[in-house]
Amino acid sequence: MKGTLYLIPNSLGAGALDPVIPSPVRELTASLDYFVAENAKTARGFLKLVSETHALCRAIQEIEIRELNVHTTAADVPALLAPLQSGRHAGLLSEAGVPAVADPGADLVRLAHQQQITVKPLVGPSSLLLALMASGLNGQSFAFHGYLPTEAAQRAQRLKQLEQRSRQEKQTQIFIETPYRNEALLEAMAMQCAASTLICIATDLTLPSEFVRTQPASVWKRALASGQAPDFRKKPTVFLMLA
């Protein structure tokens, strides 16, 4: 009988897991001795936090963790599922939030389906959905685009395209950025978007420093001009837009 691939969510920042990862999820995680994760070191850090409330089935050093990240080739992915073919359960662990969403784990999940391996998603925080919930923007129709171009002209063009799509379809547009470029992206949105286009900034979700604010591009533009940018430098942030 084949094992099950459990999709295990992680917290969205440092700190205890109790507020964001349900106890049953932590209990199941503690029962596994094989994980696929983007980074083995941070995965062990997560398991150490799990062990504070639920005893692990083995010592952390004895738990097998294989990496799946940007350096993993397509030819290497099938080997990650080999233990499940022999009946061993596995956990796909995200660096932050839920696996396979803005995360390299989707390829492994798709292959698991192809190999008739049961895939079971577990409950946990998604920064994208939390941001959408808190934004007040359209939650009936939305699209996530990942990262926008970093080159200024290309980014401006992409923002114009997404704003036009949002206006035509009444659809919320969602994207993220490398934290040290948060300021540049907000400045570009405030400059490129129409004055009435709503822009939401959602930073450090689920953390004590959480900040969520939705206001028109014109208001963001004035705030930035007066040096009143949000405190989101080098902090994980979700950007949302509705024209």
Side-chain angles (χ1 to χ4, degrees), residues 9-22 25 38-39 42 45-46 49 94-99 101-103 123-150 152 155-156 158-159 162-163 166 170-243:
N10 203 338
S11 62
L12 299 175
L17 301 179
D18 289 22
V20 289
I21 306 296
V25 174
E38 192 169 349
N39 182 286
T42 56
F46 174 79
L49 290 175
S94 178
E95 280 286 280
V98 296
V101 179
D103 180 270
V123 174
S126 164
S127 61
L128 304 179
L129 287 179
L130 289 172
L132 181 62
M133 289 163 58
S135 70
L137 305 185
N138 190 356
Q140 300 294 326
S141 176
F142 54 91
F144 174 59
H145 301 279
Y147 295 90
L148 300 188
T150 57
R155 181 175 56 208
R158 184 62 172 149
L159 281 170
L162 294 178
E163 185 182 33
S166 178
K170 303 301 181 184
Q171 183 182 71
T172 301
Q173 308 299 305
I174 307 173
F175 31 91
I176 54 178
E177 182 53 282
T178 302
Y180 69 84
R181 287 200 289 261
N182 284 339
E183 295 94 332
L185 179 52
L186 180 56
E187 289 173 3
M189 294 177 71
M191 291 296 295
Q192 298 298 329
C193 293
S196 61
T197 292
L198 294 173
I199 297 172
C200 177
I201 306 300
T203 296
D204 275 355
L205 293 166
T206 74
L207 303 181
S209 54
E210 179 179 282
F211 172 87
V212 182
R213 180 166 297 167
T214 298
Q215 53 194 19
S218 59
V219 178
W220 283 116
K221 187 175 181 179
R222 289 197 298 272
L224 293 173
S226 61
Q228 297 178 343
D231 179 20
F232 66 167
R233 183 173 179 79
K234 295 185 178 180
K235 295 180 179 180
T237 298
V238 180
F239 296 80
L240 306 93
M241 173 176 68
L242 181 64

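Index from 1, following the sequence.
Looking at Pro99 and Asn10, their side chains never come closer than 4.5 Å, going by heavy atoms from C-beta outward. With contacts defined as side-chain heavy-atom distances shorter than 4.5 Å, the pair Leu159/Met189 qualifies. Counting only heavy atoms from C-beta outward, the side chains of Leu12 and Leu130 approach each other to under 4.5 Å.
A search for salt bridge (charged side-chain N to carboxylate O under 4.0 Å, His left out) contacts involving Glu38 returns nothing, not counting sequence neighbours. Arg213 meets the salt bridge (charged side-chain N to carboxylate O under 4.0 Å, His left out) test with no other residue; sequence neighbours excluded. Listed by chain and residue number, nothing satisfies the side chain to side chain donor-acceptor pair (under 3.5 Å) test with Thr172 (two or more places apart in sequence, or in another chain). With sequence neighbours left out, Thr178 forms a side chain to side chain donor-acceptor pair (under 3.5 Å) with Arg181. For Thr214, the side chain to side chain contact (heavy atoms under 4.5 Å, CB included) partners two or more places apart in sequence, or in a different chain, are Ser135, Leu137, Leu198, Cys200. Judged as a side chain to side chain contact (heavy atoms under 4.5 Å, CB included), and not counting sequence neighbours, the contacts of Ser218 are Ala195, Pro216, Arg222. Listed by chain and residue number, Asp204 satisfy the side chain to side chain donor-acceptor pair (under 3.5 Å) test with Ser209 (two or more places apart in sequence, or in another chain). Legend: residues meeting side chain to side chain contact (heavy atoms under 4.5 Å, CB included) with Phe144, ordered by chain and number and at least two apart, are Ala102, Leu128, Ile174, Ile176. Contacts of Thr197 classified as side chain to side chain donor-acceptor pair (under 3.5 Å), with partners at least two apart in sequence or in another chain: Glu163. Val123 pairs by the side chain to side chain contact (heavy atoms under 4.5 Å, CB included) definition with Pro22, not counting sequence neighbours.
In plain terms, the two heavy atoms of Leu207 and Gly13 that are nearest each other are CD2-CA, 3.8 Å. Closest heavy-atom contact between Ser94 and Asp103: OG-OD2, 3.4 Å. Residue Phe46 comes nearest to Pro9 through the heavy atom pair CZ-O, 3.7 Å, listed as atom of the first residue, atom of the second, then distance. Here the shortest heavy-atom pairing between Pro230 and Phe211 reads CB-CE2, 3.6 Å. Scanning both residues, Trp220 and Ile201, for their nearest heavy atoms gives CZ2-CG1, 3.5 Å.
Taking CD of Gln140 as the reference point, atom NZ of Lys170 lies at 15.0 Å (rounded to 0.5 Å). Between atom CG of residue Leu186 and atom CG of residue Leu224 there is a gap of 4.5 Å, rounded to the nearest 0.5 Å.
Of the possible donor and acceptor atoms, one in the side chain of Gln173 sits under 3.5 Å from a partner among the backbone N and O of Gln171.
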Output side-chain donor-acceptor pairs under 3.5 Å for residues 233-243, partner residues at least two apart or in another chain, one line each.
{"from": "Arg233", "atom 1": "NH1", "to": "Glu183", "atom 2": "OE2", "distance (Å)": "3.1"}
{"from": "Lys235", "atom 1": "NZ", "to": "Asp231", "atom 2": "O", "distance (Å)": "3.4"}
{"from": "Lys235", "atom 1": "NZ", "to": "Asp231", "atom 2": "OD2", "distance (Å)": "3.1"}
{"from": "Thr237", "atom 1": "OG1", "to": "Asn182", "atom 2": "ND2", "distance (Å)": "3.3"}
{"from": "Thr237", "atom 1": "OG1", "to": "Thr203", "atom 2": "OG1", "distance (Å)": "2.9"}
{"from": "Thr237", "atom 1": "OG1", "to": "Lys235", "atom 2": "O", "distance (Å)": "3.0"}

